[in-house]
Amino acid sequence: MSDVPARGNNFVAKIIEEDLSNGKVERVITRFPPEPNGYLHVGHAKSICLNFGVAQQFGGGCNLRFDDTNPEKENQEFIDAIKDDVQWLGFNWEGEVHYASDYFDQLFQWAVHLIEQGNAYVCDLSPEQARQYRGTLTEAGQNSPYRDRSVEENLELFEKMRAGEFDEGACVLRAKIDMASSNMNLRDPIIYRIRKAHHHQTGDKWCIYPTYDFTHGQSDAIEGVTHSICTLEFEDHRPLYEWFIANLPVPCEPKQYEFGRLNMDYTVTSKRKLKGLVDNAVVTGWSDPRMPTISGMRRRGFTPSSIRNFCEMIGVTRSDGLVDIAMLEHAVRDDLNKNAPRAMCVINPVKVVIENLPQDHLEQLAAPYHHELELGSREMPFTRELYIDREDFKEEYSKKFKKKFTPGNRIRLRHSYVLEATGFDKNEQGDVTEIRAVLIENTLGVDPEDGIKPKGVVHWVSATHSVEAELRLYQRLFNHPTPDKSEDDYLVHVNPDSLVVAKGWVEPALAQVTPESSFQFEREGYYVADRYDHTADAPVFNLTIGLREDKELAKG
RNA sequence: UGGGGUGUCGCCAAGUGGUAAGGCAACGGGUUUUGAUCCCGUCAUUCGUAGGUUCGAGUCCUACCACCUCAGCCA
């Protein structure tokens, strides 16, 4: 059995199951509605998994709809990136991609309908005045002096707004609801504003744009969405969502449900703050491997299924919590442990010379890529001079170093022979520069015949046949568990060591791998060939996540 | 001090009146040609607090407390 909880066992799935079984809904239709003003992040992944997942689970469909009502902040780059991310995560939207801007004509007509019904009016209050009229959380607002304009006048004014006869900010169209409502969203919310901006989809056709509140629910209705799932902060908007649906001749009545957005420690998940990291060049871009963006996690080496599993693991509820980033790390390790081929890379090399081997010794050793999966094997050149990790050799034996290579002791070269150290050289600084050893005969796949077993196993690479690679060692981007909740600006909590560029010597087979191939570099961690920079001539590997460390070892 | 929400183990989360699932983390122990993986075990007499109803309450009632959220011509 998998350790991932049963799929779709959350309150949204239960509501849908109920609606389906009592015939309220025939086929579930959900939608994922990003605004193309940034890249998708891990929080969106939760929403994607919920929306697409629940549709899939109940044989329905999920639309991808861009909520593109604010042209000034949106662009095509984001649209392309978002589509890419959703597909990479493993989901398919139903039919064509939708845009809220597809419905601008209909929305305009519905705005006219509202005016005709006496449910909307053009208001000339300046933003500053409007704020004063709105009241506060504890005091009712006051009616706008323009609230009682006639239907004819409103129709005429709204048409002039559309025709571009007013400057930006000169006036807005407002729904006429209740300025005394305890729900601020019902205090005559703005439904259309003037924005003389070019739109990435509709070009210069419009100079007035509908607001989110006036757009979202109606778009859902047009698309036949049955369950409109959004995050908790939109809860107060639900009465407004329902007000529009009730007061407009929409084709169906979608229902809005809210769930708690994802918060994770050592991470920021707000587009504004993510954009800040990009704009301040803290990272190299939205897809930097340290970013919690989907494209960043992808470049880091996270797999789609690891992210999906993570989303199943954290569940969906109406309570807002702070998820331990260790859960995400677990999801990644779990997937990579099960599926990633193994390979070897030496990061802090020290040379080992095997004295009982001829100078030109070259032997190809078959090394299986995985201990459980049938992934085949590669050949590792075994030569007289090797590299092992400096940390794996100790000048003197001690209990703490019981599995290390020490003079007089034996070590197993992973997938290869057993070696016995005979001596070593040091430089003036006291660093070991070379280890001398002898190979114990007939130890390929079997223990030494004399019964003296090796103490431990080390990874290695041929000193003469390995390939130098660039290693990008990533750690968490922030060194504060809640960087956006501290007194200081979140940028001061950026971990200065979040990226360390190092060198590694990899076995020849690794230079040939395609970008985005993941490996476990044995005893080092999970690495991925960089999506953009890796080539056979200049291999580049990103550290996805380290191996879990033994506690005793970690303490030392 | 208005409205809307949420409070179950360090973290996430099941549970919807019948006597507290699971995952992560942590901690013991075993296996191992990766100090990884894997395996086995420990980890809430208690569900924000205080009362009440009931044979029986995390689940029902009352009051209180804490936290989140709403005053963009953002979404």
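Given the structure is predicted, the values throughout are model-derived calculations rather than measurements.
For A:Q520, counting side-chain heavy atoms from C-beta on, the closest listed nucleotide (B:U34, B:C73, B:A75) is B:U34. With B:C74, B:G2, B:A25 as the choices, the nucleotide that has an atom nearest any side-chain atom of A:T138 turns out to be B:G2. The side chain of A:D67 approaches B:A75 more closely than any other nucleotide in the set B:G23, B:A75, B:G5. Listed nucleotides: B:C12, B:A25, B:C73. Nearest to the side chain of A:R193: B:C73. Comparing B:U34, B:C73, B:A13 against the side chain of A:V457 picks out B:U34 as the nearest. The A:R195 side chain lies nearest to B:C74 when the options are B:C74, B:A13, B:C12. Side-chain atoms of A:D550 lie closest to B:A36 of the nucleotides B:U32, B:A36, B:A14. Relative to the side chain of A:H371, the nucleotides B:C24, B:A75, B:A36 differ in distance, and B:A36 lies closest.
Taking only distance into account, the side chain of A:R523 never meets the base of B:U34 through a donor-acceptor pair shorter than 3.5 Å. Donor-acceptor pairing under 3.5 Å, judged by distance alone, is present between the side chain of A:R342 and the base of B:U34.
Nucleic acid contact class of A:T443 (heavy atoms, under 4.0 Å, all strands): base. At a threshold of 4.0 angstrom between heavy atoms, the contacts of A:K404 include nucleobase atoms, whether or not backbone atoms are also involved. Nucleic acid contact for A:G445: base, since at least one base atom lies under 4.0 Å from a heavy atom of the residue. Looking at heavy-atom distances under 4.0 Å, A:T69 makes contact with sugar-phosphate atoms alone, never a base. At a threshold of 4.0 angstrom between heavy atoms, the contacts of A:I194 with the nucleic acid are absent. Within the nucleic acid shown, A:L444 comes within 4.0 Å of at least one base atom, counting heavy atoms only. Contact annotation for A:G169: base contact, defined as any heavy-atom pair under 4.0 Å involving a base atom. Nucleic acid contact for A:L328: none, since no nucleic acid atom lies under 4.0 Å from a heavy atom of the residue. Backbone-only contact: A:R318 has heavy atoms under 4.0 Å from sugar-phosphate atoms and none from a base. Nucleic acid contact for A:K271: none, since no nucleic acid atom lies under 4.0 Å from a heavy atom of the residue. At a threshold of 4.0 angstrom between heavy atoms, the contacts of A:R548 are confined to the sugar-phosphate backbone, with no base atom among them. Across all strands shown, A:F234 has heavy atoms under 4.0 Å from base atoms, whether or not it also approaches the sugar-phosphate.
Shown here, B:C47 forms no base pair; nothing in the strands shown gives a Watson-Crick or G-U wobble contact with both key distances under 3.5 Å. Base pairing of B:A66 is made with B:U6, judged by Watson-Crick or G-U wobble geometry with both donor-acceptor distances under 3.5 Å. As the counterpart of B:G41, B:C27 is assigned, both hydrogen-bonding distances of the Watson-Crick or G-U wobble pattern falling under 3.5 Å.
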So A:E235 and A:R318, salt bridge (Lys or Arg N to Asp or Glu O under 4.0 Å) or not? Walk me through it. CA-CA 11 Å; A:E235 194 165 10; A:R318 286 177 61 83; 2.3 Å; yes
Salt bridge (Lys or Arg N to Asp or Glu O under 4.0 Å) between A:E223 and A:R31, intermediate numbers included: CA-CA 9 Å; A:E223 294 178 10; A:R31 101 273 88 114; over 6 Å; no
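When the side-chain nitrogen and oxygen atoms of A:T211 are compared with OP1 and OP2 of B:A75, none of them lie within a distance under 4.0 Å. Close to B:C24, at under 4.0 Å from its OP1 or OP2, lies a side-chain N or O of A:H330. A close approach under 4.0 Å does not occur between any side-chain nitrogen or oxygen of A:K73 and OP1 or OP2 of B:G72. Look at A:T317 and you'll find a side-chain N or O under 4.0 angstrom from OP1 or OP2 of B:A13. Taking only side-chain nitrogens and oxygens, A:R261 never comes nearer than 4.0 Å to OP1 or OP2 of B:G5.
Put simply, the residue from A:Y99, A:F32, A:F78 that forms a ring-ring contact (aromatic ring centres under 6.0 Å, His included) with A:F66 is A:Y99. Of the options A:Y212, A:Y209, A:F158, a ring-ring contact (aromatic ring centres under 6.0 Å, His included) to A:Y192 is made by A:F158 and by none of the others.
In this structure, A:E17 does not pair ionically with A:K14, as no charged nitrogen and carboxylate oxygen lie closer than 4.0 Å.
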Going 5' to 3' along nucleotides 66-71 of chain B, which nucleotides have protein heavy atoms under 4.0 Å from the base (write B), which only from the sugar-phosphate (write S), and which from neither (write -)? --S-BB
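Its glycosidic angle being within 90° of 0, B:G72 falls on the syn side.
The list of salt bridge (charged side-chain N to carboxylate O under 4.0 Å, His left out) pairs with a residue in residues 121-143 of chain A, not counting sequence neighbours, reads A:D124-A:R149, A:E128-A:R131.
Protein atom CD1 of A:I325 is 21 Å distant from nucleotide atom P of B:G10, rounded to whole Å.
Only the C1' atoms considered, B:C65 is 33 Å distant from B:G72, to the nearest whole Å.
Around the CZ atom of A:R195, the shell of radius 6.0 Å holds more than 12 heavy atoms that belong to other residues, nucleotides or ligands.
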